[in-house]
Amino acid sequence: MPLETLHDLWVHELKDLYSAERQLVQALPKMAKAATSDELRTALENHLAETEEQASRIEQILESFGESPRGQKCAGMEGLIEEGKDFLKEDADEDVLDAGIIVNAQKVEHYEIATYGAVVEYARMMGHTEALELLEQTLQEEKNADQLLNQIAEGGINALAERDGNEEMEEEAEEGAEDSGTKARKSSSRTTGMKKSSGRSKSSKARN
Ligand code: FE
Ligand code: ZN
Ligand code: FE
(Lines give C-alpha, C1' and ligand atoms only; values in the text may rest on other atoms or scores of the structure.)
(Ligands and ions follow the chains in the order given, each with its own letter.)
Protein backbone atom coordinates (compact mmCIF):
# COMPACT_ATOMS: atom_id res chain seq x y z
CA MET A 1 0.00 0.00 0.00
CA PRO A 2 1.55 3.34 -1.02
CA LEU A 3 1.83 5.90 1.77
CA GLU A 4 0.61 9.26 0.51
CA THR A 5 -0.74 11.11 3.50
CA LEU A 6 -0.02 11.64 7.18
CA HIS A 7 -3.03 9.45 7.85
CA ASP A 8 -1.39 6.61 5.87
CA LEU A 9 1.77 7.02 7.89
CA TRP A 10 -0.28 7.08 11.10
CA VAL A 11 -1.95 3.77 10.18
CA HIS A 12 1.44 2.32 9.24
CA GLU A 13 2.96 3.25 12.60
CA LEU A 14 -0.10 2.01 14.50
CA LYS A 15 0.25 -1.37 12.81
CA ASP A 16 3.91 -1.36 13.74
CA LEU A 17 2.99 -0.62 17.37
CA TYR A 18 0.38 -3.33 17.35
CA SER A 19 2.99 -5.86 16.28
CA ALA A 20 5.42 -4.48 18.87
CA GLU A 21 2.88 -4.82 21.69
CA ARG A 22 1.90 -8.34 20.65
CA GLN A 23 5.54 -9.41 20.60
CA LEU A 24 6.02 -7.90 24.04
CA VAL A 25 3.05 -9.82 25.41
CA GLN A 26 5.01 -12.97 24.53
CA ALA A 27 8.35 -11.73 25.86
CA LEU A 28 7.47 -10.00 29.15
CA PRO A 29 6.51 -13.19 31.05
CA LYS A 30 9.96 -14.62 30.27
CA MET A 31 11.68 -11.51 31.57
CA ALA A 32 9.46 -11.51 34.68
CA LYS A 33 10.21 -15.15 35.32
CA ALA A 34 13.95 -14.54 35.08
CA ALA A 35 13.88 -11.58 37.52
CA THR A 36 15.01 -12.36 41.06
CA SER A 37 13.70 -9.19 42.72
CA ASP A 38 10.01 -9.41 43.68
CA GLU A 39 9.59 -5.71 43.03
CA LEU A 40 10.99 -6.03 39.51
CA ARG A 41 8.97 -9.16 38.75
CA THR A 42 5.77 -7.44 39.91
CA ALA A 43 6.52 -4.36 37.81
CA LEU A 44 7.04 -6.51 34.71
CA GLU A 45 3.88 -8.51 35.38
CA ASN A 46 1.84 -5.34 35.84
CA HIS A 47 3.23 -3.94 32.62
CA LEU A 48 2.23 -7.16 30.86
CA ALA A 49 -1.41 -6.48 31.77
CA GLU A 50 -1.04 -2.91 30.50
CA THR A 51 0.60 -4.13 27.31
CA GLU A 52 -2.35 -6.38 26.52
CA GLU A 53 -4.66 -3.41 27.02
CA GLN A 54 -2.43 -1.22 24.80
CA ALA A 55 -2.63 -3.76 21.98
CA SER A 56 -6.41 -3.84 22.17
CA ARG A 57 -6.55 -0.02 22.12
CA ILE A 58 -4.70 -0.02 18.80
CA GLU A 59 -6.97 -2.74 17.50
CA GLN A 60 -9.97 -0.61 18.47
CA ILE A 61 -8.54 2.51 16.81
CA LEU A 62 -7.59 0.81 13.55
CA GLU A 63 -10.89 -0.99 13.29
CA SER A 64 -12.73 2.30 13.76
CA PHE A 65 -10.90 3.54 10.65
CA GLY A 66 -11.70 0.36 8.74
CA GLU A 67 -8.10 -0.90 8.98
CA SER A 68 -6.81 -4.24 10.19
CA PRO A 69 -4.12 -4.11 12.91
CA ARG A 70 -2.43 -7.15 11.39
CA GLY A 71 -0.10 -7.71 8.47
CA GLN A 72 3.00 -5.85 9.63
CA LYS A 73 5.92 -6.94 11.76
CA CYS A 74 7.85 -4.56 14.00
CA ALA A 75 11.48 -5.43 13.24
CA GLY A 76 12.74 -3.01 15.88
CA MET A 77 10.90 -4.75 18.70
CA GLU A 78 11.93 -8.10 17.34
CA GLY A 79 15.57 -7.00 17.65
CA LEU A 80 15.13 -5.60 21.15
CA ILE A 81 13.47 -8.80 22.34
CA GLU A 82 16.21 -10.86 20.73
CA GLU A 83 18.79 -8.79 22.60
CA GLY A 84 16.88 -9.28 25.86
CA LYS A 85 16.78 -13.04 25.30
CA ASP A 86 20.50 -13.15 24.57
CA PHE A 87 21.13 -11.28 27.81
CA LEU A 88 19.18 -13.87 29.80
CA LYS A 89 21.62 -16.51 28.51
CA GLU A 90 24.58 -14.68 30.06
CA ASP A 91 26.09 -16.16 33.20
CA ALA A 92 25.13 -13.20 35.42
CA ASP A 93 24.98 -12.90 39.21
CA GLU A 94 21.47 -12.35 40.60
CA ASP A 95 21.58 -8.60 41.11
CA VAL A 96 23.55 -8.01 37.93
CA LEU A 97 20.93 -10.06 36.12
CA ASP A 98 18.13 -7.89 37.54
CA ALA A 99 19.96 -4.68 36.63
CA GLY A 100 20.40 -6.07 33.11
CA ILE A 101 16.73 -7.01 32.81
CA ILE A 102 15.88 -3.44 33.81
CA VAL A 103 18.10 -1.88 31.16
CA ASN A 104 16.72 -4.21 28.50
CA ALA A 105 13.14 -3.38 29.55
CA GLN A 106 13.97 0.32 29.43
CA LYS A 107 15.28 0.00 25.88
CA VAL A 108 11.87 -1.40 24.99
CA GLU A 109 9.99 1.40 26.77
CA HIS A 110 12.06 4.12 25.12
CA TYR A 111 11.51 2.54 21.73
CA GLU A 112 7.75 2.45 22.29
CA ILE A 113 7.71 6.02 23.60
CA ALA A 114 9.30 7.25 20.35
CA THR A 115 6.54 5.84 18.16
CA TYR A 116 3.68 6.64 20.53
CA GLY A 117 4.99 10.21 20.70
CA ALA A 118 4.67 10.42 16.92
CA VAL A 119 1.24 8.81 16.59
CA VAL A 120 -0.12 11.00 19.39
CA GLU A 121 1.12 14.08 17.56
CA TYR A 122 -0.33 12.95 14.21
CA ALA A 123 -3.69 12.18 15.86
CA ARG A 124 -3.69 15.67 17.36
CA MET A 125 -2.91 17.28 13.98
CA MET A 126 -5.60 15.30 12.19
CA GLY A 127 -8.20 15.87 14.89
CA HIS A 128 -8.76 12.16 15.64
CA THR A 129 -9.92 13.00 19.13
CA GLU A 130 -10.99 9.58 20.41
CA ALA A 131 -7.87 7.89 19.12
CA LEU A 132 -5.79 10.71 20.56
CA GLU A 133 -7.17 10.08 24.04
CA LEU A 134 -6.45 6.36 23.88
CA LEU A 135 -2.94 6.88 22.53
CA GLU A 136 -2.12 9.53 25.12
CA GLN A 137 -3.18 7.09 27.80
CA THR A 138 -0.80 4.47 26.43
CA LEU A 139 2.04 6.97 26.05
CA GLN A 140 1.61 7.91 29.71
CA GLU A 141 1.68 4.24 30.76
CA GLU A 142 4.91 3.70 28.85
CA LYS A 143 6.49 6.72 30.50
CA ASN A 144 5.33 5.51 33.91
CA ALA A 145 6.75 2.04 33.24
CA ASP A 146 10.10 3.59 32.33
CA GLN A 147 10.07 5.76 35.48
CA LEU A 148 9.20 2.83 37.70
CA LEU A 149 12.09 0.83 36.26
CA ASN A 150 14.38 3.78 37.01
CA GLN A 151 13.14 3.86 40.58
CA ILE A 152 13.64 0.12 41.05
CA ALA A 153 17.17 0.36 39.66
CA GLU A 154 18.13 3.44 41.64
CA GLY A 155 16.33 2.19 44.74
CA GLY A 156 18.77 -0.64 45.23
CA ILE A 157 19.32 -3.08 42.39
CA ASN A 158 22.16 -1.11 40.79
CA ALA A 159 23.86 -0.76 44.17
CA LEU A 160 23.43 -4.47 44.92
CA ALA A 161 24.81 -5.34 41.50
CA GLU A 162 27.79 -3.14 42.17
CA ARG A 163 28.37 -4.66 45.61
CA ASP A 164 28.28 -8.19 44.16
CA GLY A 165 31.07 -7.25 41.82
CA ASN A 166 33.12 -5.75 44.64
CA GLU A 167 32.76 -8.80 46.84
CA GLU A 168 33.85 -11.03 44.01
CA MET A 169 36.83 -8.86 43.22
CA GLU A 170 37.92 -8.98 46.86
CA GLU A 171 37.48 -12.73 47.05
CA GLU A 172 39.50 -13.08 43.89
CA ALA A 173 42.22 -10.89 45.27
CA GLU A 174 42.47 -13.29 48.20
CA GLU A 175 42.24 -16.41 46.06
CA GLY A 176 44.36 -14.87 43.33
CA ALA A 177 47.73 -16.13 44.60
CA GLU A 178 46.63 -19.77 44.61
CA ASP A 179 44.16 -19.79 41.73
CA SER A 180 44.42 -17.92 38.46
CA GLY A 181 41.95 -20.22 36.73
CA THR A 182 39.06 -19.52 34.34
CA LYS A 183 36.51 -18.61 37.00
CA ALA A 184 38.47 -15.62 38.19
CA ARG A 185 39.15 -14.40 34.70
CA LYS A 186 35.52 -14.71 33.69
CA SER A 187 34.07 -12.80 36.60
CA SER A 188 36.65 -10.05 36.56
CA SER A 189 35.82 -9.29 32.95
CA ARG A 190 32.19 -9.08 34.02
CA THR A 191 32.90 -6.41 36.64
CA THR A 192 35.33 -4.18 34.77
CA GLY A 193 32.60 -1.67 33.99
CA MET A 194 32.12 -0.97 37.68
CA LYS A 195 35.72 -0.41 38.71
CA LYS A 196 35.72 3.35 38.48
CA SER A 197 32.86 4.09 40.86
CA SER A 198 33.33 5.77 44.22
CA GLY A 199 31.08 3.21 45.92
CA ARG A 200 33.71 0.60 45.46
CA SER A 201 36.56 2.26 47.27
CA LYS A 202 34.20 3.24 50.08
CA SER A 203 32.94 -0.27 50.60
CA SER A 204 36.38 -1.87 50.44
CA LYS A 205 37.69 0.61 52.98
CA ALA A 206 34.75 -0.11 55.26
CA ARG A 207 35.50 -3.79 55.24
CA ASN A 208 39.27 -3.52 55.72
FE1 FE B 1 3.46 -0.92 25.23
ZN1 ZN C 1 8.64 -0.86 15.10
FE1 FE D 1 5.67 -0.72 27.33
Side-chain angles (χ1 to χ4, degrees), residues 7 9-65 67-88 97-126 128-155 157-158:
H7 183 85
L9 178 61
W10 187 61
V11 168
H12 183 275
E13 293 308 303
L14 287 173
K15 285 175 178 240
D16 183 75
L17 280 168
Y18 182 75
S19 162
E21 301 289 16
R22 295 307 309 166
Q23 291 184 61
L24 251 190
V25 166
Q26 303 300 313
L28 275 170
K30 290 166 200 158
M31 292 167 82
K33 201 176 154 205
T36 66
S37 144
D38 291 338
E39 196 186 10
L40 175 56
R41 191 171 43 250
T42 305
L44 294 170
E45 284 167 357
N46 290 344
H47 196 54
L48 170 63
E50 281 180 335
T51 300
E52 283 170 344
E53 181 63 30
Q54 293 168 355
S56 63
R57 280 182 201 135
I58 298 175
E59 203 165 14
Q60 189 188 326
I61 293 168
L62 285 173
E63 278 167 5
S64 77
F65 285 90
E67 301 280 352
S68 160
R70 276 157 240 281
Q72 221 170 282
K73 180 150 201 179
C74 178
M77 185 60 77
E78 192 178 26
L80 289 172
I81 289 172
E82 191 65 37
E83 195 173 311
K85 273 190 196 156
D86 286 347
F87 177 76
L88 293 182
L97 175 76
D98 282 349
I101 290 172
I102 290 176
V103 72
N104 279 289
Q106 287 191 291
K107 289 181 197 187
V108 165
E109 295 314 318
H110 284 224
Y111 180 77
E112 291 182 300
I113 288 167
T115 315
Y116 276 110
V119 293
V120 158
E121 194 46 37
Y122 302 165
R124 196 191 318 278
M125 286 176 68
M126 295 182 296
H128 297 330
T129 330
E130 274 175 46
L132 175 62
E133 260 174 47
L134 291 170
L135 294 171
E136 275 179 329
Q137 208 177 324
T138 297
L139 178 58
Q140 196 52 55
E141 286 171 1
E142 309 293 28
K143 288 180 180 172
N144 293 345
D146 178 52
Q147 283 260 314
L148 180 61
L149 289 165
N150 258 339
Q151 281 168 25
I152 295 173
E154 287 162 14
I157 285 176
N158 286 351

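Because the structure is predicted, anything quoted here is derived from the model rather than measured. Counting starts at 1 for both ligands and their atoms, following the listed order.
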Just by modelled atom types, is the Ala35 backbone N or O under 3.5 Å from a matching donor or acceptor in the Arg41 side chain?
yes

Considering only N, O or S atoms, which atom of Glu112 is nearest to the Fe ion (ligand 1)?
OE2

By atom name, which N, O or S atom belonging to Glu142 lies closest to the Fe ion (ligand 1)?
OE2

Mind checking whether Tyr111 and Lys107 have side chains closer than 4.5 Å, heavy atoms only?
no

My understanding is that only one of Gln23, Glu21, Arg22, Lys15 makes a side chain to side chain donor-acceptor pair (under 3.5 Å) with Ser19; could you say which?
Gln23

Looking only at N, O or S atoms, find the one in Glu109 nearest to the Fe ion (ligand 3) and name it.
OE1

Rounded distance [0.5 Å steps], CD in Glu53 versus CD in Gln137
7.5 Å

So what does the Gln54 OE1 - the Fe ion (ligand 1) - Glu21 OE1 angle come to, to 10°?
100°

